[in-house]
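Naming convention: chains lettered A, B, ... in sequence-line order (proteins, then strands); numbering from 1 in each chain. The figures here come from the full heavy-atom set of this structure, side chains too, leaving out hydrogens, waters and symmetry mates.
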Protein chains: 4
Amino acid sequence: MRRRMRFFSDNAAAACPEVMAAIAAANQLDTAYDGDALSGRLNTAFSDLFEAPVEALWVATGTAANSLALAALCPPYGSIVCHHDAHIQNDECGAPEFYTGGAKLLLGRGEGAKLTPETVEELIGTIRNDVHQVQPAALSITNATEYGLVYTSAEVAALGELCQRSGLAFHMDGARFANAVARLGCSPADLTWRAGIHALSFGFVKNGGMSAEMLIFFGSQHRQATSYRRKRAGHLLSKGRFMAAQVLAMLENDVWLHNARAANKSAALLARAAGKRLVLPVEANEIFLKVTPEEAAQLRAQGFDFYDWGVGEARLVTSWDSDPAHVNALAAAIEAL
Amino acid sequence: MRRRMRFFSDNAAAACPEVMAAIAAANQLDTAYDGDALSGRLNTAFSDLFEAPVEALWVATGTAANSLALAALCPPYGSIVCHHDAHIQNDECGAPEFYTGGAKLLLGRGEGAKLTPETVEELIGTIRNDVHQVQPAALSITNATEYGLVYTSAEVAALGELCQRSGLAFHMDGARFANAVARLGCSPADLTWRAGIHALSFGFVKNGGMSAEMLIFFGSQHRQATSYRRKRAGHLLSKGRFMAAQVLAMLENDVWLHNARAANKSAALLARAAGKRLVLPVEANEIFLKVTPEEAAQLRAQGFDFYDWGVGEARLVTSWDSDPAHVNALAAAIEAL
Amino acid sequence: MRRRMRFFSDNAAAACPEVMAAIAAANQLDTAYDGDALSGRLNTAFSDLFEAPVEALWVATGTAANSLALAALCPPYGSIVCHHDAHIQNDECGAPEFYTGGAKLLLGRGEGAKLTPETVEELIGTIRNDVHQVQPAALSITNATEYGLVYTSAEVAALGELCQRSGLAFHMDGARFANAVARLGCSPADLTWRAGIHALSFGFVKNGGMSAEMLIFFGSQHRQATSYRRKRAGHLLSKGRFMAAQVLAMLENDVWLHNARAANKSAALLARAAGKRLVLPVEANEIFLKVTPEEAAQLRAQGFDFYDWGVGEARLVTSWDSDPAHVNALAAAIEAL
Amino acid sequence: MRRRMRFFSDNAAAACPEVMAAIAAANQLDTAYDGDALSGRLNTAFSDLFEAPVEALWVATGTAANSLALAALCPPYGSIVCHHDAHIQNDECGAPEFYTGGAKLLLGRGEGAKLTPETVEELIGTIRNDVHQVQPAALSITNATEYGLVYTSAEVAALGELCQRSGLAFHMDGARFANAVARLGCSPADLTWRAGIHALSFGFVKNGGMSAEMLIFFGSQHRQATSYRRKRAGHLLSKGRFMAAQVLAMLENDVWLHNARAANKSAALLARAAGKRLVLPVEANEIFLKVTPEEAAQLRAQGFDFYDWGVGEARLVTSWDSDPAHVNALAAAIEAL
């Protein structure tokens, strides 16, 4: 039987060997919650990576990371500016509303799920400064975006300046932060705190992890409250050593970056094959391309598994473990359409 | 250097070999969230175990399982009757309050963290039936209790009858449910739905799992709402196959039961050694005994690691992987005090 | 000194004489909360008015009425479809999110803040039926709308059919329900439950009341939960007799309807004067018209008090107690521009 | 027919003439929400009364005042220390839990619903300082208490010192604050901020108001957040002028104090008559006395209306408008038992 070739989601990728080995090794440790030696090394490890003191907490999902970040940055009576296509708006079943205690999301438009300072400024300009309206308290962007575009450090910094000027806290949903860094070749610091980011959801699971995502605070003011919020949300795992182990394994030798580069490389190869079919530039590991239903069926008949994206479009997602043979085969199949 | 001998928490126990093997095997699967084949088998597997149709959802912590159960069973304006020493009251940082949207806990007393129908009836009798008071909506008991006692099927059924009579939903926190079943030698069905339980938090992590706990609903009415609540709480892991794999591995060949028996057996051995020092009968895998600070220090000097429990008492916890040599050594050391 | 002529808000209108007299009379009663004879008559009085058994609860604000209704009709993990310009979206500081425990609002467009079945259907069609997205649970419309338009019974019924077909509960924000009924000359029943409405916020304060608004449930299923929610929101006033008294006084002799007719009549007079300046048809007691900043200044110089509404537009609001002399003067002034 | 003589609740008392007159006068004003001249005078009026800058917000109930205060002082993951018999625990249907987003109440004992520094210290000493337990964030006391006792300024100050030492915010539920001040003859400042109180729910309704209670913050830090919270709770009444009018009328000429003195005086008279029957000293306007069911029936047969309070006890409540003839008659009837 012919094997299905997976391009529908990086959530379906395997955990990478370094992570599996680290999990096995962590099984020798025996301390509960986050009292273990591995969890104890996280602040230092991420402070090194970000060249600044950070607070680093593991959680089991990106949704939890995003929501805990937003609960720290936005009061129940505030709103969070984000893109109309943001994951926090469309794919987390109201988690930000739940964690914040009923904050609102204020939605902006922009190609490829990207926001600009102009859009954000216009959006917050629609809110009267009185008690009848929920006041904007935070901005959340996704990098790489839900449509595979990447904000450069300069673009983030421009938004960061607006945030500072407007009294907004600034959050980055980095479910594919690694892919963005890999694309830009910049330092993680330049893309985050140096550009005004206060909290980052740093994704590891799509990129080769098994079950650990990181919430990074640049500065220490939110650590304590978030520790309580994490516990009361049921995200303080009793065997937290397995969480820390995964992440530390991916930091070591820049596994996180190598994995992201591999995914991006596969995507670039598919992008070249797609050529004029591309709906958007391919800057990370997602490809949106125009295909007729018949063409999509044709690709599927060859064993390629992917999602339709509206009418006449499809989404392909590569991952750290995309099989080069599959990628090449898909590239050829697209060119042959 | 002498090795530390661990008796402070079953949260510190290793993941058992069957779980580690299952995790490795699950890494071959590639479907996201709970759309995988393993997650798809959970309802059937647990329905078999419980001899009745159940809905079975994995989550990452017992706190999440408890809170999702309670949010299903108690409205924001209701209260949950539980023991003053219940985990949901003392050790979850207000998770039930967070998940329910502000329900109250109504606290009862009883030796060894056990409630009786009389206590519960008296407690709900203190509440006037008017809108000024939060009305009791659910009862939550822990089996085995936080003090290592076990409710028999008959005891649970007596509480279940009271619940039915009083219009209360009935939840069991089974962080150590396996230990209770192992102790009683009863069927899981007798200890739960046949005794009136509506929802069970079925613990796997303390008993040899890595990161997966189960929430079991007896009946289908709460499944849908809870699926949404789980997602918005950030507990729908994107690689859910690793969660289902752990649990299925522990169901197969009754690993869960064998593990619990091993832990109980070690505890029984220590209980015999403790003799008159015992504060409470030992019915599961926790031993509470009287030791002076000097005696505690003496035990620690020999490498035994455990928690003091108030003044003049200590708690010992055994687990599926307690080293028999350590257990025997501790038993001897206690006898020698 | 010349008197300011008020056209900026019906919230600024006086309490009508019948209400003031009823409040004075209620001061002879002496029972607490809603245990008084007046509050006890509300269900009957409103059941008579609506020709069907209803549950009628007083609260102090329209925001509370709306939010309690929505909390009854929409779970925390659901969404409420409403117009982009709805009061619940723009002017209640996130009250629906607070009361529901974090539900979302799903926003539609349409002239004059009116929704059509097509718009609603399209909107709910954008939501995938999976746990990643908040599912629509209720529809809320405002009648008369925030822009002074009126939904006819047939228009409401068309939306009601869609709600039934789609499993949505149906709420009407009737802050100016009286004005809508006055305009249509229909029965309150035709405009509500016969058209599929489940809950109505029935406004009295803008229409001559002092501090009492009514929440009406068509059917009894939400009464009990809402009684608890009202209490825990701090809306069970300890001297509730003053609340019931106001409302009963306005029901007697159709004061509510006469007051609304008076306000509508004044608005119609201004609408005729505005002629081609009208931005929208005038169907209730609000007039939106085009005026240049200079013209607006000219009107204000003559003592007319009103709000600008964006650039080049103004909003005039009449009320039950609009002084005919002021109305005539304003009509003349507009014609003279 | 003989008139019922009311001693069951001060919530059933009339609104006093000054309040009724002020309401009538306020009906001449025409500004919406809290933009009116009367509301604008509140900060100054209460700053004068308290000899310090305060922020003063009206709300419709004591429950709302308490809950808004607690939401300002305690995060969702914190707890509020209060007495087991506190109104916020027993009579507000979980309002503090709703407004805070799921905080817990930590309950202490003490005669007459009074807490001492020792009790509070012991209570907070039971909480481990780790993320598994909800950490105490605030203390709330009721003055006069639910059992009619009064905390002196010195007693409050002793608790205030403990709060400061322990990092707790300090709230006073002053539903009967006026009665406490009347009893003590102290300055409002001495009983509040000078003793460490951060927020006061200052009750007017039981004491002769109609529907307005005040929330007083000593200091300005909580004003803004609370303004938003008040709005989203539906407590920003659209005709707020009627709220401010009531309160200002009661401040003028110390009506609030005269009313409270009258209530206390009637209570003192009944206390003397009750003599050895008293369960607790009578320090404000509540009398708890021992009466057999037969004696209670005897009093009721004479037209006296009051509540039984457990078995063999009754509660009498006097108010600003207790009829001296009724009070004398009840005193005589008690003596005659």
### Query
Got a sec: does the CZ of C/R128 have more than 12 other heavy atoms crowding it under 6.0 Å?
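Yes, enclosed.
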### Message
Once rounded to the nearest 0.5 Å, what's the spacing between atom NZ of C/K104 and atom CD of A/E97?
### Response
3.5 Å
### Query
Measuring heavy-atom distances to chain A, does C/L105 have an atom under 4.5 Å in its side chain, in its backbone, in both, or in neither?
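The side chain, not the backbone.
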### Query
Do you know which of A/Q89, A/H87, A/E92 has the most heavy-atom pairs under 4.5 Å to chain C?
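Most heavy-atom pairs under 4.5 Å with chain C: A/Q89.
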### Nearest atoms (heavy-atom pairs only) where A/C93 meets C/V131
CB-O, 3.1 Å
### Query
Does C/Q133 reach the main-chain N or O of A/N90 with its side chain, forming a donor-acceptor pair under 3.5 Å?
yes
